[in-house]
Structures are given as structure tokens and as C-alpha cells.
Amino acid sequence: MAVFTTINDPSVHFQATAYTGNGNNNKQIVHYGNSNLQPDFLWIKQRTGSTRDHILLDSTSGVTKNFRTNTSDAQYTNSNYLNSFDSDGFTLNTSNRVNDADDPYTAWAWKANGGTTVTNNDGSTASTLQVNSTAGFTLGYYTAPGSNGTTVGHGLGAKPDFFFAKDFGSGGWYGMFPTSFGSNQSTGLNSTNGFGTVSGYSNFTTTTFTQGQGDSDNHMFWAWKNTPGYFYANYYKSNNNADGPFQYCGFKPALVITKGDGGGVNWRIYDSQRNGYNPSNAFVSCNTDAVETNASNSEMEFYSNGFKLTAAEGDANYNDMDVAFAAWAEHPFMSSTGVPTTAR
């Protein structure tokens with residue numbers, strides 16, 4: 001039987017975890033997956049109740065630092081969000097953005113390199129990286145040299161398929177799909193704009209990208225490459241129909257993020273933990289602090305080998321639009337030993 005993946009257990013590298021806050025310091029969250037996962041990149045969003053920012057934390061910056069995708073604000077410093085990245089989860093402090101009493105949250109957690117960084121000199125401007133080469137994920141930052149046009153190494157060994165970046169200061173977000181939408185097409189994670197040509201990031205190769213920031217600031221970036229049975233980024237054509245497009249991924253998704261190439265179109269985030277069954281119609285938008293939306297009709301369903309759009313609606317399946325997506329696996333469609341996954 002053909003080998004479809006080298007990652008038989010995606011929970012080693014990524015997990016989606018739903019939890020309920022209690023407002024108390026040192027609340028421990030333990031992941032649900034088959035394997036232990038100590039996060040290096042952690043993305044938390046409150047689902048219902050009050051509107052709350054998306055909170056992004058990483059082991060390079062440390063537990064007191066965070067970014068927020070729904071705002072262009074500078075990196076925040078706050079010691080009341082996270083106490084530690086743990087061997088199989090994380091420990092929360094008391095902030096209501098991550099631990100309000102009786103409110104539900106979802107956390108998406110990725111493994112990079114256990115907090116250990118390396119210096120990459122593939123480009124003309126050095127970068128500091130955590131690389132998970134097995135899962136094709138890089139968490140990195142660099143200091144712009146005060147001029148644009150320099151190259152920066154990303155460490156993936158392949159052209160990134162999904163990439164986003166943020167100035168440590170009050171600069172905007174970039175969200176890019178370099179292989180499917182082009183190496184200089186971007187829209188902000190905090191924006192509903194369509195993709196457009198930018199000079200901030202361009203010319204992605206298997207080793208570097210060109211930065212066009214023209215400042216002397218620090219810039220964080222996150223990058224993934226397509227990895228069979230674990231991660232897949234591409235785009236589909238929407239059709240504005242209840243019998244929407246099916247997207248083959250080669251795995252049962254745990255997380256799907258979409259962004260349509262049109263003005264006024266929200267980013268959407270669907271995962272397997274909030275409902276746990278089809279229809280997977282609960283989503284949040286990373287460009288807003290709004291609470292979770294539960295559609296009256298099914299909008300997206302997760303299958304053993306991909307996902308399908310099942311409603312005519314304005315963000316993920318509207319008119320005839322290119323919709324970029326990034327998807328991470330709960331289980332490969334077929335393991336390297338020939339074990340198939342089950343449908344939901």
C-alpha cells in the first residue's frame with residue numbers, strides 16, 4: 001500500500017484544545033491528543049461571553065509577551081496571561097482574555113523547537129529561528145536593517161505555503177499564501193481586504209524571502225510548508241451553493257483557516273474540538289475580537305480526507321471567488337503503515 005504520510009500522529013506537532021476558564025491563577029490546561037505536546041506557539045480565543053482579543057504567545061518571546069491578530073498594536077507585555085508552557089499543555093494566569101470564570105476558550109498549539117533558537121544566515125539579514133523540520137514549521141524573527149530589499153532565511157528548506165508576519169511595533173499584519181497566491185500577495189490578518197501586491201514581503205524561495213520593511217524594527221514571522229498527511233495550504237473556487245466545493249487535504253482536519261480574495265471578506269477559523277462532530281459550523285474570525293458564530297445551517301464539514309463547504313454564504317463560499325486556506329491534521333487519511341482514519 002502506498003505511503004501517504006511520514007507523520008502518523010499529528011498531535012505530536014499540533015493540537016486544538018477546548019477548555020473552560022475558572023479565573024484562578026495556575027489553571028493547568030492539558031491537551032486532548034494522543035501524544036504530549038509542549039507548545040512553542042499558542043493561539044487562544046474566547047468563544048462566547050464578552051468580546052476578547054485573539055492572544056498569540058510563543059516560547060521565543062516568552063510567556064509575558066503576546067500579539068493579537070485583530071489589532072495592529074505593538075507586541076503586548078502582560079504577566080497575567082500565561083505562567084508556563086508545559087510538557088503537555090500550558091498553565092494560565094488570571095486574565096479574562098484567556099481564563100475568565102465559566103467562559104469557553106479554544107487554544108491552538110504548535111510545536112517548534114522547544115524554545116531553543118538558532119541563527120540563520122541564509123539571507124543577507126540574519127534571522128533567529130525555531131524550526132520543526134519534521135512538521136514543516138518555522139517560528140522566527142529578524143531585525144530589519146533600516147533599508148528594504150534584503151533577504152532573510154526562513155529555514156524550511158522549501159517555499160512556504162502559508163506565511164504571516166507582524167512588526168513588534170504598531171505595524172500591520174501580513175497574511176500570505178506564497179505558492180498558491182503569489183510571492184508578493186498579502187492581506188492583513190486583522191483585515192477584511194482582498195489580497196493585493198505588497199512590498200513588505202516578496203520573492204519567497206526554498207531558503208529565503210525578501211523583506212521590504214525599510215525600518216530598524218524587529219519582525220516576527222510564522223511559516224509552514226505543505227507536509228503530506230499533516231498540513232496543506234492552497235485555494236479553492238467558491239460557488240455560492242449549498243453543494244459547495246470539496247477540498248481534498250489527505251487527512252482529517254483538526255483546524256482550517258480560510259480567507260477569500262475579496263474586499264469585506266473575513267478570515268475564518270474552524271476546528272474539530274468546538275463541536276466535535278459535523279456540521280462544523282462554529283467559527284471565529286481572526287480579524288475581529290467578536291465571539292464565536294454558530295451558523296443556522298451547516299457551513300463546513302470535516303471528512304476523513306478533507307473538508308466540504310455546505311452553505312452559500314459571504315466569507316468561505318460566496319459567488320465565484322478564490323478562497324485561500326490552511327489546514328492542519330487530526331489524523332492522516334492513511335498512515336504510513338496503511339491504517340485509515342475514520343470519518344466524523
Side-chain angles (χ1 to χ4, degrees), residues 41 43 54 56 58 67-72 108 110 112 120 122-123 125 127 129 131 136-142 144 148-168 171-215 217-227 231-236 247 255-263 265-269 285-287 315-316 321-328:
F41 172 39
W43 183 335
H54 292 253
L56 279 61
D58 67 87
F67 293 96
R68 306 178 187 188
T69 61
N70 53 285
T71 174
S72 61
W108 305 290
W110 289 264
N120 181 290
D122 289 342
T125 295
S127 58
L129 307 179
V131 181
F137 170 50
T138 292
L139 170 69
Y141 75 89
Y142 67 95
N148 57 27
T150 63
T151 55
V152 178
H154 54 67
L156 280 179
K159 187 175 179 179
D161 294 285
F162 182 44
F163 175 95
F164 58 88
K166 173 71 174 70
D167 191 330
F168 277 62
W173 285 92
Y174 291 81
M176 308 181 74
F177 295 79
T179 56
S180 56
F181 267 34
S183 282
N184 63 349
Q185 297 295 303
S186 175
T187 183
L189 294 189
N190 60 326
S191 171
T192 61
N193 294 337
F195 289 86
T197 302
V198 295
S199 59
Y201 293 94
S202 61
N203 301 321
F204 289 85
T205 73
T206 59
T207 56
T208 65
F209 57 83
T210 299
Q211 68 83 27
Q213 300 302 316
D215 56 35
D217 295 345
N218 291 326
H219 299 264
M220 182 74 78
F221 63 90
W222 300 255
W224 290 263
K225 68 176 182 179
N226 286 347
T227 302
F231 173 75
Y232 186 52
N234 204 332
Y235 75 96
Y236 60 84
Q247 179 58 58
L255 171 67
V256 176
I257 300 175
T258 69
K259 177 63 176 79
D261 185 16
V265 176
N266 293 289
W267 291 83
R268 287 201 176 182
I269 305 175
S285 298
C286 68
N287 51 278
D315 287 324
M321 179 173 58
D322 291 338
V323 182
F325 70 88
W328 291 263

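- Phe164 pairs with exactly one of Trp222, Tyr201, Phe177 by the ring-ring contact (aromatic ring centres under 6.0 Å, His included) rule, that one being Trp222.
- Taking the charged nitrogens against the carboxylate oxygens, Arg268 and Asp315 do have a contact shorter than 4.0 Å, which makes a salt bridge.
- Applying the side-chain contact (heavy atoms from CB on, under 4.5 Å) rule to Asn234 yields the partners Ser180, Tyr232, Phe325; only residues at least two apart in sequence or on another chain are considered.
- Here the side chains of Val265 and Met321 are in contact, with some heavy-atom distance below 4.5 Å.
- The shortest side-chain heavy-atom distance between Gln213 and Ser199 does not fall under the 4.5 Å cut-off.
- By the 6.0 Å contact criterion, OH on Tyr236 is enclosed, its count of non-hydrogen atoms from other residues, nucleotides or ligands being greater than 12.
- At a threshold of 4.5 Å between non-hydrogen side-chain atoms, the residues Phe231 and Phe137 do not count as touching.
- For the pair Arg68/Leu56, no side-chain contact is recorded, criterion being any heavy-atom separation below 4.5 Å from C-beta on.
- Here Asp167 contributes atom CG and Met220 contributes atom CE; the two are 11.5 Å apart, rounded to the nearest 0.5 Å.
- Judged by distance alone, with hydrogens and angles left aside, the side-chain atoms of Thr69 form no donor-acceptor pair with the main-chain N or O of Asn190 at under 3.5 Å.
- Between Val323 and Tyr235, the closest side-chain pair of non-hydrogen atoms is not below 4.5 Å.
- The shortest distance between side-chain heavy atoms of Tyr142 and Phe221 falls below 4.5 Å.
- Between the side chains of Thr208 and Thr151, no donor-acceptor pair of N or O atoms lies under 3.5 Å.
- In this structure, Ile269 and His54 have side chains that are in contact, with non-hydrogen atoms separated by less than 4.5 Å.
- Between Phe162 and the choices Trp224, Phe204, Trp110, the ring-ring contact (aromatic ring centres under 6.0 Å, His included) rule is met once, by Trp224.
- Side-chain polar atoms of Thr138 and Lys225 form no donor-acceptor pair below 3.5 angstrom.
- Residues Val198 and Ser186 come closest through the heavy atom pair CG2-CB, 3.7 Å.
- Counting all heavy atoms, side chain and backbone alike, Ser72 lies closest to Gly172 at CB-CA, 4.1 Å.
- Nearest approach of Pro160 to Thr179, heavy atoms of both residues: O-CG2, 3.5 Å.
- There is no side-chain donor-acceptor pair under 3.5 Å between Asn287 and Ser285.
- Every side chain to side chain donor-acceptor pair (under 3.5 Å) that Gln185 has, sequence neighbours left out, goes to Thr197.
- Side-chain atoms of Trp173 do not come within 3.5 Å of backbone N or O of Asn70 as any donor-acceptor pair.
- The aromatic ring centres of Phe163 and Tyr174 sit 6.0 Å or more apart.
- Phe181 CZ: more than 12 foreign heavy atoms inside a 6.0 Å radius.
- Looking at Cys286 and Trp43, their side chains come closer than 4.5 Å, going by heavy atoms from C-beta outward.
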